[in-house]
Every structure is written in C-alpha cells, then in structure tokens.
Amino acid sequence: MPNLGYEIEDFRYHTWQVTGWSSLKNRITGPEFEVGVIWNSKDPTVYISHNAHHRFTAEEPDWGFHRFYDQSKLFVPSNNHTHSLIENNACNITAFVRIIKDPTGVLWHNFENYDSRKMTGYINLNKRGTTDYINVELQLLYSIKYFRKAMYQIPTEDDDPVKSIPLAMQKIFYQLQISDTPVETTELTKSFGWNSTTCLIQHDVNEFDRVLLGYLENKMKNINADDTISKLFVGKMKSYIRCVNINYESSRIEDYYDISLEVKGSQTLNDSFMNYIREEFCEGDNKYQTESYGLQDAKKGLIFESFPSVLRIQLKRFEYDMQNNTVVKITDRLEYPMEIDLQRYLSPDSDKSKPHNYLLHGVIVHCDGLRKNGYHVFLKPEKDGKWFKFDDNRVIPITDKEVLGKGVETPNAIDSTYMLIYIRESDIDFVLSPILAEDIPKHLQKRLDEEKALYEQKKKEVEECHLYLSIKIVTPAIFECYQGFDLVNFDNQLYPLSNVPLFKILKTETYEIFKTMVAHKFEIPVEQIRFWIFVNRQNKTIRPDDPITDDYLSMTMDEIHTKMAPKQKDWKLFLEVANPINGEIWFPPTESSSHILVFIKYFNPDTQSLEGLGHLYVKKSGKIGDIIPILCEKKEFPPHTPLKIYEEIKPNMIEEMKLNLTFQKSEIQDGDIICFQKALTEEEIQEYTDAGRIHDLPIFYESLFMRIIIQFKPKYLTVDREQKPEFELVLNKQYTYDDIAKHVAAHLSADPLKLRFTKAHPTTSTPKTVIKRTTTKTLSKILQNTFISLLYYEMLDISIEELENKRFFKVCWLGTTVKKETVIDIHISKAAKVNEFFKIIERKLALKPTCMIRLYSVLNCIIQEEYDINDTIDKIQEQMTLYAEEIPQDEIKLDVNDKVIQVYHFTKEPLRVHGIPFKFVIKAGELFSETKLRLKLRLGMNEKDFSKVKVAIVQALSYTKSQYINDNVILSDYGLTDELLGLDHVAE
C-alpha cells in the first residue's frame, strides 16, 4: 500500500474467497475497502490491485471502484504468468483497510457545506478578481491584534466607507470578528479609488503592504496609536565602509520595514541572512576614497542594529531571464524554522539586552499553476494556538509540516514561500494581546446594524418585486429644466440622464390610492393631477400618449397596467397638473377628439439653452400661427413678436412649421413637442455668429445630438488616494484634442498643455493607447470602436508639446577604463539624428571636435545596438540603458584582419551577468597573453584584481556554453563571428 505520509491508527484486511464464479449473479456486494486486490487463489503472484483514499461521512458512507479490471482478461494469463486471475472458477479478493489519523479534522474533506467559523473559529475574505494579495495582507494585519487595536483608534465616525480607507478596514476587521460568512472587500477597494477592472490587475503583496502601511502610519499621527507602525514593524540597519589598515569607518543607520533575502544559492534561512550581511572587499583600483586618509583598503557591508517586534522577510522569488527577455520565478526550496535566534546577525555594538528569539507567526505563499495563481497565507493567530490556512473564501486547519513547506504538493502548481513573518518571543504577549469590547468603536456595530437592515430591506424588495409595480413619474419641473430630446432622458447613457423619481406600489392597490400617494408626495391637490402613459414611438422617441382618467379610480394598478401598457415592464408616466381657472379644474374630455396635448420648448440664443414651458391644449382645427400670442405671453414678449416655430420630430429632424396650416394638417398628435425662438434680424444673426454662438434652433439641436458624456479617470492609481479624481464631462463629438484638454483643464484647474489622454481597452476598460496631441481626429473618431466613453488622463510636469516632440535620455559617459564617469541628461527632438546627440555630448563635456564618439544601448548588461551618426533618435528604444564613450585609438586604426567584438561580465554562469559591456579589438595573430594585457588596461584593473578574472568565449545566442582561454592561444584563430568575450569574476 502507498505511504501517504500520515500516522496509521489501525490496519485490517479481509480476504473473500470466491468460488463458482461463472454461476454468480450479475451484481453482488462485497466488503467496503480502501485498497483491493484480486489474486489467483493458487498463485498469489498473479494479482491486480488498485488503491484510493476517502473520508467516510454520513453523506458519503461508502467508496469503491466503478471499474476495477477488464473482464475479458480475467481468464487469460498475462505479464509472463502461466496462470490467469480466475482459474477453476475461483479467485480471492482481498480488501486492505487502513485507518489514518486525521491531524487537522479536514483530511480529504470535500468542503461541501464547510463552515470555517465552526471548524476553526475564523473566516476569510471574499476574493474580487485577483485581490487575493489584499486578502492575505488584511488577514495578516488582522491577526496582529496590537495593530488591530490601533486601527480601531483612528477616528472614522463621520467618514464615508467608500472614501475612507481606515473606516473600510475597521469594518472588515470587525466583521472578521463577528461574522459567520466570508467578508467582502468591495468598500475597501472603492476607497482606494479602484473599480472592478482595477481589481483584475495582480499586484505584489509586499509592495501593497509598504504603500498601505505608509498611508496608515500617516493616518495614525496625533492619536494614541501614533507610533504603532514603528513600534511593530520598524527595525534599524547600518550600512558601512570600514577601513582595514586605519581606524576609520563611514556608516549610515536607516529604518527598514521588511528585509528582502535571496533564495537562489541558499538552502536555509540562515544561509540567506549570512549572504545578506556578508562583507565585500574594496581594494586595488576599487579602494575606498576617505576624506582625510586618501585611498584605503576597506570592507563594506550591511549589518542589523535592531529587529522589530514583528519581522517581515520577503524572499526574492523573481528575476529577469535575459535569454527569454522575461521575468521568471525562482522555485528553489528554502528551509525556514519555527523558531530562530537572530542575535547572530546583529552588529557587535547593538543593544542585546532583550532576547532575539523569534517565533514563526505567518507564511505567505505564492502559487503558480493551471488552476490557481495568486497568494494564500498560513497563520498562527494565537501564541499557543493552531496553524490555519487562509485560502480563497475558507479557512482550514493545517499541520506544522505543511507550514514548513513539507506538506503534500499542490497538483499542477508550484507553491513557493514568498514571505515569512516572525514575532519576537518576548513581545508576543503584547503583539497578540486580546481584543476587548472597549477596544472596538461603538459606531461600527451601529453602522453594521443599519447596513444589515438596509440589506434585509433590499432583499425583501427583490423577493417581493413581483408584487409591485415600478413607476417613473416625469413632473413639469423636470421638463422645465431639461436640455435634450423628448421630455426627459430616461436611459440613454450617451447623454445626461434625467433624475426621474421612482415610485413603487403594490399591484393590488387601486389607482385612487396611487393618485393620492403621488399628490401627497408632490404637495398637489389630488383633483389637479392626471397621468399620461409614455409610449415608445416607431421613430425612436418616447412621448406621453394616453391619459389615465378617473374612470379607473376603483381599478387596481395591475389591471390598468395590463389593459393600457401590457408590454411595459416599468411604467413611465407624465404628471399633468391643471391649474384652476376661475376656481374650477378642467381637463379636456377624452371622449372628444377636438383637443391635442402638446409640449412647448423655447430656445434662448443668449444662454444657448432650452427651456421647457409646460404644455398646451390646442384645437386640431386651429392654425399654428394662432398660438403665437400664447407663446409670447409665456415668455413675456410683446404679443406680436415675430417667432419661428418648429416641431421636434426626432433628434435629427427639427422642422419649421407652416403658420397657416392647422395642427391636424401638420399631423400634430398628443405628446408632440413644439419649439420656438425669436425671429432674428440679419444684424442679430451676425452678432451671435461673431460671438461664436448658435443662433438657429435646428443647428442648436444638431449640437445637442453631438453631445456625449465622457468619463475621465486618472491613469495611475495609488492606494493613498492622493491621485486626481474621477469625473464626467458633457463634451461635443466634434471636439479636437485641444478642445478636450481645455474642458478637462477647466474642471481640474490645470494647464491644458500639461494634460495627456489615453484610450481605454474596449473589453477590459484598462488604459491602452496614448492619444497624440498632434492627432487630427475628433472625439467621436478617437472613441471609434471602443464601445465605451472613457478616457484616462495624466497631469504632466512638462508641456505635452515638449513631451511629444522631444525625447529625454540619460547617457552614461565612460572614461578610458570602461567606468562610469558621469551621467548626462539630454533633451533632443524626435526628428533629430544621432549626430545631434554627439554634439550635445561634446558641448556638455567640452570634448575636442576631433573626438570620435560611440553611442550604444545596453539591456541586462549586454550591448543591444551601436548607433550610427545618421540614425534617427526614434531608433533608440525606451527601456535601454545608454552608454557613450570615446572610441579607442586601436579601434580607429583597425588593421584589415583585426576584429571588434563585444566583451561582457558574468559570475560563474554566463547568464549571471553584471557590469558594463564594451567593444574590444581582437588583433590578428596576437597571443592571448598580450590580449589580456590590453584588456587589463582597458578595464583599469590592477594585477591582483585582474588575476581573479577568467576569460571565456561565450555563444551569443544561447549564453549556455563558455570556453575558457589560456595564455598560449591566439584568439583571432578561433574565427569569432557572433561570439562574445566573457569576463568571469565577482561583481564589484
């Protein structure tokens, strides 16, 4: 039987001797088993076996195999045996049953209906997108009870949880204490300024921790928890250079919040610590320049002055793979202990009055796999408690073996310890001190009670929604200030939505009750109101069409809805208010078809706006011109002011009406919209034109049609909410880049020339393509094929003109010994050539005009390209490091058989690169011993240091093979083509 790595509690087996095989029924029941074997009753070496493991529960009381062996093979000898499994109609079936001790209570659990709180006393957080790194960090901080108490001390009673990070965290911490189900983090991510798309972006848990703790440290200032972060997490580290031959040391002591240790090349945590504090020698040409004693041999290094109460250790799991141009994960195993004494890593002068024994408190694990990719955490929340695994939305008990990375491997995944959290043993009582009732702000429970009540109310509404009618009611006041097509905008997201009140009423209530409820809400006498039902017309407009009369007062709302608007899920009604005339209320009778309900809009060219002037009842037989005095009266114009009257037929069809036609001839019907403006003189038209104003109502409607709501978001988000806000602007589809920038700048009180915009990805809504200011596209063209009206913005430190027309470079100027002498900042036009680059370098370094300069780009310590004087600046890629140097004389005076190759530095393995690569001349026929002398001079190294350098020929494409060279060879005889010359030595 296989060894599953668990302690065995009991072991039994039973053999079932089966005879008369051919006469057995089709189905018979044998004993339950974990491992079963069928074997020849005369020859035990002829057998077939299978094994499985199972957790037996009331829900799953049996377990076995659906297919054990091919029936046709039972009677045929196999595997060089002379006997078959069944001979003489008989065989033996043996069941081996092994009872395993369950150290955690969840071994082989299927986790159906699993209750984390009941099993462990803890619950986890729900994962949103790829926010497991947030969940891991929150669980860790929550488990440090001293930190939790400090969080509760931040005043948040008047905060909004979607805008306040401290309040959102307090609520999460409190819910983790009292809830029985996984806790949501939506409010917290919203308080960061993130949306659902941002939550899909995976981040590093340690980077997130640094930003979050930095923000919270600032929030804890000037309260009782002022020094919490430093008290818990901050230690001190000294970097030093100590002279060997004289009594002189230069040092600097700095705070640290975590330690980042190497995994590669280390087997244990102690190896990583020792590697971290290992001293390096500064000697030869690398001597240390002191202020008073000149150049001196010295040792430089890092040493710890103190360790914090809670020590966070990040293990370096990722490095750049130069060969494949990608970041790869280091999956090497690193052993770490449950308990460690850190005193050996302290400075001799440090305070050792307190013991430095640390206990493992948490392990953050990074997982790469087909089924899972992200983080989970092992925590020991109590000093003498158990270990638990917080993963996805559940918490399970685990063994010490699993905590130390010796548990069962995850299928199809690579789990790697990423962070270790240790607590000083002597501080553990205060770090994990119990949370008392008085530690928790009282307003948290009040908030949660209110939110729970609201949740239950909404839940009830959802459950009972089929019992209610939802009705949107458009009032005259809404129509009066509306700027757009139709009476209001119900749901067209491209334009500003109207704030239309929503009413809910039981379907069984009568129309009379509904009228009374609405009249009371708007404080209007019930006899003065009547409702009209909005309908969707074929021309894509929505207009009031049919009134609900008092004949329906006794009918239920459901009956009216079924009769008058059966296809409308949500009812939309216009609230008609009749003002008393001579003390009487009058609504035109619906039986008579002589009157038409029309709505009136006025266009004011001075304010460039529309004004809703309510509604009119006009006679079908009346002429259009008959209403001019009424319209003039509504605007307090003289009675016979010349007007131009139009019908708003649909958004792209605003037609002038003929004044001598009747309303019936003009095909006016209930719900139609009539618009008007003053008839302007030529002089007035010119004045509006000169002022850049629209003077004509149809053209104004065209401008409305060109309006679009654009959502603007800051391109770069941070957890501390220092970023600029999100906002919406109503813009014109014909706006140019500069028009957009002008309006955004006005909203942000910024310089329009220091704004840059980026289009959003059409499916993920993440930033995608930077929009060039030089584009000739209008806003509608910019957004074409994106399906979303979203732009990201950046606020720049320099002008967009300068940013788009110039490029900025940092160039490392090398001396004659391939050592960085100075860094030159260069701002140059994108249209310039490399020759202009050289002129700037010559001017800044005061070089001779005859000086010949080489400019080359380096990526990961390998030369990628050398640039010609006629190359354009655009050829230089952004991610490259640039080096410039004066071309050596032996290269300028190159003989016909000489060759120039690239030299680079590595340590032991050709891919472990470092240092500055350079070009070097291989002289034809030169002994390598002489070549080495030139190399030593070029590198500026002394004899002692250069003796430690081994030289090898390395294949340029693979970087896997290296051929080391001795002094007696002639390098030019190797016929080098694409190879590199590699210098194998320890990095300085």
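Under a cutoff of 6.0 Å and an axis angle of 45°, Arg424 and Tyr358 do not form a cation-pi pair.
Atom CD1 in Ile364 sits 11.0 Å away from atom CZ in Phe378 (nearest 0.5 Å). For the atom pair NZ of Lys264 and CG of Asp332, the computed distance is 7.5 Å after rounding to the nearest 0.5 Å. Of the inter-residue distances, the one linking Glu305 atom CD with Ser347 atom OG reads 4.0 Å to the nearest 0.5 angstrom. Expressed to the nearest 0.5 Å, how far CD of Gln963 lies from CD1 of Ile953 amounts to 5.0 Å. Here Phe307 contributes atom CZ and Met237 contributes atom CE; the two are 8.0 Å apart, rounded to the nearest 0.5 Å.
Results of the side-chain contact (heavy atoms from CB on, under 4.5 Å) test with Leu232 over Val310, Leu311, Ile423 single out Val310 as the only residue that passes. A ring-ring contact (aromatic ring centres under 6.0 Å, His included) with Tyr276 is found for one member of Tyr345, Tyr256, Phe304 and no other, namely Phe304.
With hydrogens and angles ignored, the 3.5 Å screen pairs a side-chain donor or acceptor of Lys149 with a backbone N or O of Pro434. A donor-acceptor pair is defined here as one N or O able to donate and one able to accept, closer than 3.5 Å; such a pair exists between the side chain of Ser272 and the backbone of Glu262. Judged by distance alone, the side chain of Tyr142 and the main-chain N or O of Tyr174 form no donor-acceptor pair under 3.5 Å. Although no hydrogens or angles enter the test, the distance criterion places a donor-acceptor pair under 3.5 Å between the side chain of Gln170 and the main chain of Met151. Between the Thr185 side chain and the Leu188 main chain, no donor and acceptor come within less than 3.5 Å of each other. Using modelled atom types, one side-chain atom of Asn942 and one backbone atom of Asp945 make a donor-acceptor pair closer than 3.5 Å. The closest donor-acceptor contact from the side chain of His361 to the backbone of Lys380 lies under 3.5 Å. Between the side chain of Ser306 and the backbone N or O of Lys236, at least one donor-acceptor pair lies under 3.5 Å.
His905 and Phe918 have tilted rings, their planes meeting at an angle from 30° to 60° on a 0 to 90° scale. Note on ring orientation: taking the six-membered ring where Trp is involved, the planes of His914 and His985 are perpendicular (angle over 60°, cut-offs 30° and 60°).
For the residue pair Tyr856 and Gln902, no side-chain donor N or O sits within less than 3.5 Å of a side-chain acceptor on the partner. Asp297 and Tyr288 share no side-chain donor-acceptor pair at under 3.5 Å. At a cut-off of 3.5 Å, with distance as the only test, no side-chain donor of Asp258 or Gln314 sits close to an acceptor on the other residue. Side-chain atoms of Arg317 and Tyr418 include no donor-acceptor pair closer than 3.5 Å. Judged purely by distance below 3.5 Å, without hydrogens or angles, the side chains of Asp427 and Ser309 pair a donor atom with an acceptor atom.
Using a 4.5 Å heavy-atom cutoff, the side chains of Asp984 and Tyr964 are in contact. No side-chain heavy atom of Phe390 sits less than 4.5 Å from a side-chain heavy atom of Leu140. Asp132 has its side chain out of reach of His376: every pair of non-hydrogen atoms, C-beta onward, lies at least 4.5 Å apart. Put simply, the side chain of Leu138 reaches to within 4.5 Å of the side chain of Ile172, judged on heavy atoms. Proximity of Met169 to Ile165: side-chain heavy atoms (C-beta onward) are separated by under 4.5 Å at one or more points. Residues Lys299 and Glu280 are not in side-chain contact: their nearest non-hydrogen atoms beyond the backbone lie 4.5 Å or more apart. Using a 4.5 Å heavy-atom cutoff, the side chains of Leu379 and Gln139 are in contact.
Residue Ile421 comes nearest to Val363 through the heavy atom pair CD1-N, 4.4 Å, listed as atom of the first residue, atom of the second, then distance. For Leu334 against Thr268, the heavy-atom pair with the smallest separation is CD1-O, 3.4 Å. In this structure, Asn124 and Arg394 approach most closely via the heavy-atom pair ND2-O, 3.6 Å.
Within 6.0 Å of NZ on Lys948 lie more than 12 heavy atoms contributed by other residues, nucleotides or ligands.
Between Lys238 and Glu249, at least one side-chain nitrogen of the basic residue sits less than 4.0 Å from a carboxylate oxygen of the acidic one, meeting the salt-bridge criterion. With respect to Asp429 and Lys383, a salt bridge is recorded, a charged nitrogen being found less than 4.0 Å from a carboxylate O. Glu254 and Arg252 are joined by a salt bridge, as a carboxylate oxygen and a charged side-chain nitrogen come within less than 4.0 angstrom of each other.
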